[in-house]
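Quick caveat: nothing in here was measured; it's all calculated off a predicted structure.
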Amino acid sequence: MKHYKTLRLILGDQLNPSHSWFKQKDNETLYVIAELAQETHYVKHHIQKLCAFFHAMENFASALSQAGFNVLHLTLDETCNDNNLPDLLNRIAKQYQCSVIEYQYPDEFRLHSQLEQFKKTHMLSVRAVDSEHFLFPFSQIKKRFVKNKHVTMEHFYRDMRKQFDILMDSGKPEGGKWNFDSNNRNKFSKNDIHDIPSPKLFTNDVKSIISRLNKHKVAYFGSIDNQLTWPTTRKQAISSLDYFCEYLLVNFGKFQDAMTDQSKHNTSLYHSRLSFALNTKILHPLYVIKRVITEYKQRPSEISISQVEGFIRQILGWREYVRAIYWVNMPDYATKNQLQANNKMPSYFWTGSTKMNCLSHALTQSLETSYAHHIQRLMVIGNFCMLTGINPDDVDNWYLGVYIDAIEWVEMPNTRGMSQFADDGIIATKPYAASGNYINKMSDYCKRCQYDVKQKVGEKACPLNSLYWNFMHTHRSKLEKNPRIGMVYKNWDRQTEEQKKALIKQAAAHLIDLESL
């Protein structure tokens, strides 16, 4: 057996072919990519998420090997006796007589803590290096962000635009505005629905992975056939990016918040679905941004700046922002529950079987595809959870498990912070609470719902209506001084006492029996 001086660990979300580790080959270095039981059960995962990570890891290991690097790719079959990551590293280092262990800083607090403890206590030389993926340096996070303090994302985003000279014109924002969000709130018309393009899908055979998961009794949920449609190689990810630029970017911004259940492509719409490739580091964010800008510059008469700015804001602004929020506030962030929400998550979160069409569609899509776009996550599923007071621990675990792109650094601030307002405004300056009116405004879900979105009380009334007013009433002492929602309470106070009591009574009945909705 060949021996190596250095063992380099590559985690499942560190599949970055441009990392400086791969600038030159070293016969004394062994790269280890391993499926590990601890990564399958810290939360119950969607089967497509497990398959996507394992397939991407296998492909990356193969690509490194073909490029001439020494790679050890281990499946669950080879790691089934390793209780955790330190056990694996100890065993491999001993087996190959390595004197140095190196790893890239993990992006999840639990792994960061585990490997930091390993580094402190191990007799070998253990070193950590940057993952070389994010645009806002880790070392700068605590200089820009303060624990438990709100930092406005828009200001951060503008600074990032300036720093990287993205959509800038002589020091000013291209198009005369920093943000074109007001242009990007369109609802699909019948003709719009007909024009929605098909998504870019792949046929990655994951039969062996499914078999392996079953063999090792890994608990999972969701559905899959033997083919995974998500991109799991750099070539596939670039193909998805090119497809987005060519066919979807032209209408991305315009319809980025829209929802429909009437298109056979209602899962994908005009969204890029690049989040898995980005979050596993198969694609670098700046590579994606520059590719999108190139397309925009080449087709100025077809693609407006509002389409491009809306997309770039999500990557250059929001994605980097939530990562910083996560790291400056962990581990305390994981326990925040400022609204004292403690209700149990209804069973239909695992089946999609609810009479509320908007929620049923978003849940079913999530369970079938391991994906939902940001408005489905925030304003349908997240809004329902917040209005009904579901325990944010349960909401976190569900989101972290169900979505293919969910890694804790990006999932938790979006879920516990943005959608649940459990962090008391560290991220969001107001709770993103909405009645059925918002769903009706941004989708066609209400047209085929058993409930009537126009009714506030009664057997046929949309549950979101009374739940919304009950939420605002319950948390009035905390929220009424918020300048962004002060008008809500003026509207509430205009209603008669009889109307208020009827709404609160209706909401109370729903909260007692969420399973019946």
Before you tell me yes or no, could you show the steps for R416 and D396 under salt bridge (Lys or Arg N to Asp or Glu O under 4.0 Å), namely the whole-Å CA-CA distance, both residues' side-chain angles and the distance that decides it to 0.1 Å? CA-CA 7 Å; R416 191 172 290 258; D396 260 338; 2.7 Å; yes
Show the nearest heavy-atom pair for residues V402 and H46, with the distance to one decimal. O-CB, 3.5 Å
Show, in sequence, the C-alpha distance, side-chain angles and deciding distance for D405 and R377, and conclude whether the salt bridge (Lys or Arg N to Asp or Glu O under 4.0 Å) test is met. CA-CA 12 Å; D405 52 21; R377 299 189 200 195; 3.0 Å; yes
Ring pair (Phe, Tyr, Trp, His ring centres under 6.0 Å): which pairs involve residues 60-94, sequence neighbours left out? F22-F60, F22-F69, Y31-F69
What pairs of residues pass the salt bridge (Lys or Arg N to Asp or Glu O under 4.0 Å) test when at least one of them lies in residues 164-180, not counting sequence neighbours? E174-K297
Please report, to 0.1 Å, the donor-acceptor pairs under 3.5 Å made by any side chain of residues 134-144, with sequence neighbours excluded.
unit_1	atom_1	unit_2	atom_2	d
R144	NH1	D159	OD2	3.1
R144	NH2	D159	OD2	3.0

Keeping Q298 on the side-chain end and E295 on the backbone end, is there a donor-acceptor pair under 3.5 Å? no
Any pair with a residue in residues 217-228 that passes side chain to side chain donor-acceptor pair (under 3.5 Å), sequence neighbours left out, goes on the list, sorted by first then second residue, please. N214-Y220
Could you list the residues that satisfy side chain to side chain donor-acceptor pair (under 3.5 Å) with N16, not counting sequence neighbours? none
Within residues 230-253 or reaching into it, pairs that qualify as ring pair (Phe, Tyr, Trp, His ring centres under 6.0 Å) - sequence neighbours excluded: W230-Y371, Y243-Y247, F244-F252, F244-F311, F252-H271, F252-F311
Return yes if some donor-acceptor pair links the side-chain N/O of E78 with the main-chain N/O of T75 below 3.5 Å, else return no. yes
Enumerate the salt bridge (Lys or Arg N to Asp or Glu O under 4.0 Å) contacts for residues 227-242, please, sequence neighbours excluded, ordered by first and then second residue. D242-R291
Whether the Q66 and S62 side chains hold a donor-acceptor pair (N or O, under 3.5 Å, no angle test) is what I'd like checked. yes
Sequence-distant partners of S268, side chain to side chain donor-acceptor pair (under 3.5 Å), two or more places apart: none
Is there side-chain contact between N329 and N148, with at least one heavy-atom pair below 4.5 Å? yes
Counting only N and O atoms by type, is there a donor-acceptor contact under 3.5 Å from the side chain of Q14 to the main-chain atoms of Q104? yes
Could you grab the distance from atom CG of N279 to atom CD1 of I404, nearest 0.5 Å is fine? 10.5 Å
Centre of F145's six-membered ring, under 6.0 Å away, within 45 degrees of the axis: is that where NZ or CZ of K149 sits? no
Between Q365 and T369, is there a side-chain donor-acceptor contact under 3.5 Å, judged purely by atom types and distance? no
Separation between CG of N251 and CG of D195, rounded to the nearest 0.5 Å: 8.5 Å
Could you tell me which non-hydrogen atom of E132 sits nearest to which non-hydrogen atom of S20, and how far apart they are? OE2-OG, 2.5 Å
Any chance you could lay out the side-chain contact (heavy atoms from CB on, under 4.5 Å) test for L85 and F118, step after step, and finish with the verdict? CA-CA 9 Å; L85 184 54; F118 176 76; over 6 Å; no
Residues G317 and F156: closest non-hydrogen pair is O-CE2, 3.6 Å
Under 3.5 Å, is there a donor-acceptor pair between the side chain of Y296 and the main chain of Q307? no
Does one side chain, of Y432 or N383, offer a donor that lies under 3.5 Å from an acceptor on the other? no
Less than 3.5 Å apart, any donor N or O on the side chain of H216 or D77 sitting next to an acceptor on the other? yes
A quick test of your reading: do over 12 heavy atoms of other residues, nucleotides or ligands sit less than 6.0 Å from NZ of K2? yes
Polar contact flag, side-chain donor to acceptor under 3.5 angstrom, S113-E116: no
Tell me the salt bridge (Lys or Arg N to Asp or Glu O under 4.0 Å) pairs involving residues 14-37, sequence neighbours left out? E35-R212
Can you pull the salt bridge (Lys or Arg N to Asp or Glu O under 4.0 Å) pairs that have at least one residue in residues 102-111, sequence neighbours excluded? R8-E102, E39-R110, E102-R127, D107-K281, E108-R110
Using distance alone, with no hydrogens and no angle criterion, decide if N414 and W318 have a side-chain donor and acceptor under 3.5 Å apart. yes
Applying ring-ring contact (aromatic ring centres under 6.0 Å, His included) to H112 and not counting sequence neighbours gives W327
Are there more than 12 heavy atoms of other residues, nucleotides or ligands under 6.0 Å from atom NZ of K5? no
For a 4.5 angstrom cut-off between non-hydrogen side-chain atoms, does E309 reach R161? yes
Can a donor-acceptor pair be found between the side chains of D257 and H374 at a distance below 3.5 Å? yes
Who are the ring-ring contact (aromatic ring centres under 6.0 Å, His included) partners of Y105, not counting sequence neighbours? none
